[in-house]
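Okay, so here's the structure we're looking at.
Because the structure is predicted, anything quoted here is derived from the model rather than measured. Sequence lines set the chain letters: A, B, ... in the order given, protein chains first and strands last, and positions in each chain run from 1.
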Amino acid sequence: MKAKEIFPDPKRIRRKLLGWYDGHRRRLPWRETRDPYAIWISEIMLQQTQVKTVVPYYLRFLERFPTVETLAHAPLGEVLKTWENLGYYARVRNLHKAAGEIAEQHGGRIPDNREEITRLPGIGRYTAGAILSIAFGRVVPAVDGNVRRVISRLFEITESVDDEETRERIEALVQTLVPKRDPGRFNQALMELGAVRCTPKSPSCPACPLQDDCRARAQGLAHRLPVRGKKKTVPHREVVAAVISDGKGRILIVQRPACGLLGSLWKFPGGILNPREAREEGLKRIVRDELGIGIGVGSPLAAVKHAYTHFRITLTAFSCTLLEGSPAGPQWRWAGTGESEALPFSSADRRIARSVAPPLGH
DNA sequence: AACTCGGGGAG
DNA sequence: CTCCCAGAGTT
């Protein structure tokens with residue numbers, strides 16, 4: 001156990017960081033409220049997602065679901081639609097489930113202590129710390145990727161920040177820095193510094209309020225920290241989709257299973273080809289397995305490339321005809337253009353849909 | 001400890 | 001292209 005790890009003086013760090021934050025912080029909608037519900041929504045959306053991306057989703061979501069009760073009682077499909085294209089859809093399924101638990105078990109109020117708030121689905125160590133400090137003034141750290149980067153540079157931590165041991169050390173360091181007065185402001189200031197000054201590739205050290213306290217800067221190592229673990233190479237998958245028309249301007253769509261990749265979103269029939277499998281034959285096989293129907297596969301309509309977190313796909317859509325049987329199995333429907341616009345699709349599937357039937361006004 | 005889970009911004 | 005983003009849940 002190290003006796004004292006503090007090299008830069010905590011008071012000095014707090015004073016400089018908070019002074020900078022008050023003068024330079026971005027005006028963000030969730031910084032204009034003290035409503036724990038609104039802060040909760042923002043923190044879930046901000047998981048692995050940049051501020052600029054979140055802002056319009058946040059505003060739309062709070063307009064549509066302004067309270068725990070409105071969210072708890074809304075159909076999941078509507079909540080999913082407001083989340084469309086934001087990604088990591090387990091977040092919104094957990095959000096909806098947690099809203100139900102808060103309404104039922106906590107009288108509609110977000111819990112203000114770590115034990116209860118961490119039990120809610122979707123709230124882990126970081127998000128609990130963020131909500132507790134920002135909405136309730138609890139003196140706890142909120143360590144996200146920005147904070148890990150700032151701290152690893154400030155203290156010149158050369159062990160991988162992907163190691164659990166390093167993460168615990170960083171959280172312990174932040175714990176010693178969080179002030180009793182307005183801890184949420186301090187946590188946000190640390191994240192803000194990482195977002196706009198202490199950036200991953202080319203940090204703006206000359207404009208950093210902590211430049212004189214930063215060990216990595218003193219060693220000329222700022223741009224080389226933090227050290228990250230090795231990344232795996234991502235495989236590529238060939239995906240095929242069937243655009244089956246009913247001859248009346250409607251197209252067959254199906255809903256994905258509630259769990260797993262893009263859970264509960266809608267898609268076109270189809271899926272992943274086996275290695276070296278011909279696309280047309282593979283599509284017939286997959287659609288028969290999926291819906292129990294026989295189809296004829298015509299010409300390719302569109303092909304889109306898309307990157308997920310740990311694999312890439314090439315998605316090719318074919319014009320198809322229903323030859324035999326009627327769909328059975330998962331949730332499915334014949335959908336007109338307006339109807340599919342109102343249902344949640346993934347980014348890649350939406351591109352296919354728009355190439356088949358461009359929305360009005362475009 | 002290693003995987004799974006999206007989409008987009010920035011360089 | 002690559003890397004990373006106000007991470008959490010599962011195995």
Side-chain angles (χ1 to χ4, degrees), chain A residues 25-26 28-31 39-58 80 83-95 97-98 117-135 141-150 160-167 171 174 184 186-196 198-204 223-224 226-235 256-265 304-313 344-351:
Chain A
R25 66 177 189 156
R26 292 170 290 181
L28 301 174
W30 47 88
R31 289 180 178 162
I39 290 167
W40 171 44
I41 300 301
S42 76
E43 289 300 340
I44 300 299
M45 288 186 170
L46 286 162
Q47 291 169 3
Q48 293 292 287
T49 310
Q50 293 185 346
V51 164
K52 186 175 181 179
T53 303
V54 165
V55 170
Y57 283 89
Y58 171 86
L80 268 169
W83 204 272
E84 182 180 41
N85 277 347
L86 196 53
Y88 283 152
Y89 299 92
R91 291 186 293 177
V92 67
R93 294 194 298 269
N94 285 332
L95 196 59
K97 185 177 179 189
I117 202 170
T118 303
R119 271 189 221 117
L120 295 170
I123 299 186
R125 192 156 187 80
Y126 160 76
T127 305
I131 297 172
L132 290 173
S133 63
I134 297 169
V143 180
D144 72 335
N146 289 308
V147 174
R148 277 191 289 275
R149 185 170 55 254
V150 170
S160 170
V161 294
D162 292 324
D163 289 349
E164 187 55 32
E165 187 180 342
T166 310
R167 293 195 172 208
E171 181 153 338
V174 176
F186 176 83
N187 284 333
Q188 291 185 82
L190 218 42
M191 292 188 274
E192 186 81 350
L193 187 69
V196 307
C198 197
T199 55
K201 302 214 169 165
S202 51
S204 307
H223 65 291
R224 302 195 52 160
V227 173
R228 303 294 307 269
K230 305 177 242 196
K231 310 97 179 128
K232 299 144 290 193
T233 60
V234 297
R256 298 170 186 269
C259 297
L261 185 70
L262 305 170
S264 299
L265 272 62
V304 305
K305 292 182 181 300
H306 192 73
Y308 293 100
T309 305
H310 49 292
F311 62 92
R312 305 173 192 283
I313 67 168
F345 280 74
S346 74
S347 171
D349 287 323
R350 180 65 72 194
R351 284 160 68 192

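OP1 and OP2 of B/dG6 both lie 4.0 Å or more from every side-chain N or O belonging to A/His306. Phosphate contact (OP1/OP2 of B/dG8, side-chain N/O of A/Thr49, threshold under 4.0 Å): absent. For A/Arg312 and C/dT2, the shortest distance from a side-chain N or O to OP1 or OP2 is below 4.0 Å. For the OP1/OP2 pair of B/dG7 and a distance below 4.0 Å, the side-chain nitrogens and oxygens of A/Tyr89 include at least one atom meeting the criterion.
Contacts of A/Thr127 with the nucleic acid, taken as non-hydrogen atoms under 4.0 Å apart, involve only primed sugar atoms and P, OP1 or OP2. When heavy atoms are screened at a 4.0 angstrom cut-off, A/Trp83 is found touching no nucleic acid atom at all. Using a 4.0 Å heavy-atom cutoff across all strands shown, A/Gly263 reaches no nucleic acid atom at all. Among the atoms of the strands shown, only primed sugar atoms or phosphate atoms (P, OP1, OP2) are found under 4.0 Å from some heavy atom of A/Ser346. As judged by a 4.0 angstrom heavy-atom cut-off over every strand, A/Tyr308 is placed among residues touching the sugar-phosphate backbone only. Across all strands shown, A/Arg93 has no heavy atoms under 4.0 Å from either base or sugar-phosphate atoms.
One atom, CD of A/Gln48, and another, P of C/dG9, lie 13 Å apart when rounded to the nearest Å. Rounded to an integer number of Å, the gap from OH of A/Tyr57 to C1' of C/dC5 is 15 Å. One can place NZ of A/Lys231 at 14 Å from P of B/dA2, the figure rounded to the nearest angstrom. Look at OH on A/Tyr126: it is 18 Å from C1' on C/dG9, rounded to the nearest Å. Regarding A/Arg351, its CZ atom lies at a distance of 16 Å from the P atom of B/dG6, rounded to whole Å. Note: CD1 (A/Ile44) to C1' (C/dG9) measures 12 Å, nearest angstrom. Atom pair A/Lys52:NZ and C/dA6:P shows a separation of 13 Å (rounding to whole Å applied). Rounded to whole Å, atom C1' of B/dG6 lies 15 Å from atom CG of A/Leu46.
Surrounding CZ of A/Arg26 are more than 12 heavy atoms belonging to other residues, nucleotides or ligands, all under 6.0 Å away. Open room surrounds CD on A/Glu165; 12 or fewer heavy atoms of other groups in view lie less than 6.0 Å from it.
With B/dG7, C/dA6, C/dC4 as the candidates, the nucleotide lying closest to the side chain of A/Glu192 is C/dA6. Checking B/dG8, B/dG11, C/dA6 against every side-chain atom of A/Leu28, the shortest atom distance belongs to C/dA6. The nucleotide whose nearest atom lies closest to any side-chain atom of A/Arg91 is, among C/dC4, B/dG6, C/dA6, B/dG6. You'll find that the side chain of A/Thr53 is closest to B/dG9, out of C/dC4, C/dA8, B/dG9. For A/Arg228, the side-chain atoms get nearest to C/dC5 when compared with the rest of B/dC5, C/dC5, B/dT4. Ranking B/dG9, B/dC3, B/dG7 by closeness to the A/Ser347 side chain, first place goes to B/dG7. Taking every side-chain heavy atom of A/Gln188 into account, C/dA6 is the closest of B/dC5, C/dA6, B/dT4.
Taking CD of A/Glu43 as the start and CD1 of A/Ile131 as the end, the distance is 6.5 Å to the nearest 0.5 Å. Separation of atoms CG (A/Leu80) and CZ (A/Arg93) is listed at 7.5 Å; rounding is to 0.5 Å.
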* To do: Kindly indicate, with the supporting measurements, whether the criterion side-chain hydrogen bond (donor to acceptor under 3.5 Å, both in side chains) is fulfilled by A/Arg149 and A/Asn146.
  => CA-CA 5 Å; A/Arg149 185 170 55 254; A/Asn146 289 308; 2.8 Å; yes

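With contacts defined as side-chain heavy-atom distances shorter than 4.5 Å, the pair A/Ile41/A/Met45 qualifies.
Across the interface with DNA chain C, nearest-nucleotide mapping of A/Thr118 and A/Met191 shows A/Met191 to be the residue nearer the 5′ end.
Looking at A/Thr309, its side chain comes within 3.5 Å of the base of B/dG6 through a donor and an acceptor atom.
Remark: the A/Arg31 side chain and the A/Gln188 side chain contain an N/O donor-acceptor pair separated by less than 3.5 Å.
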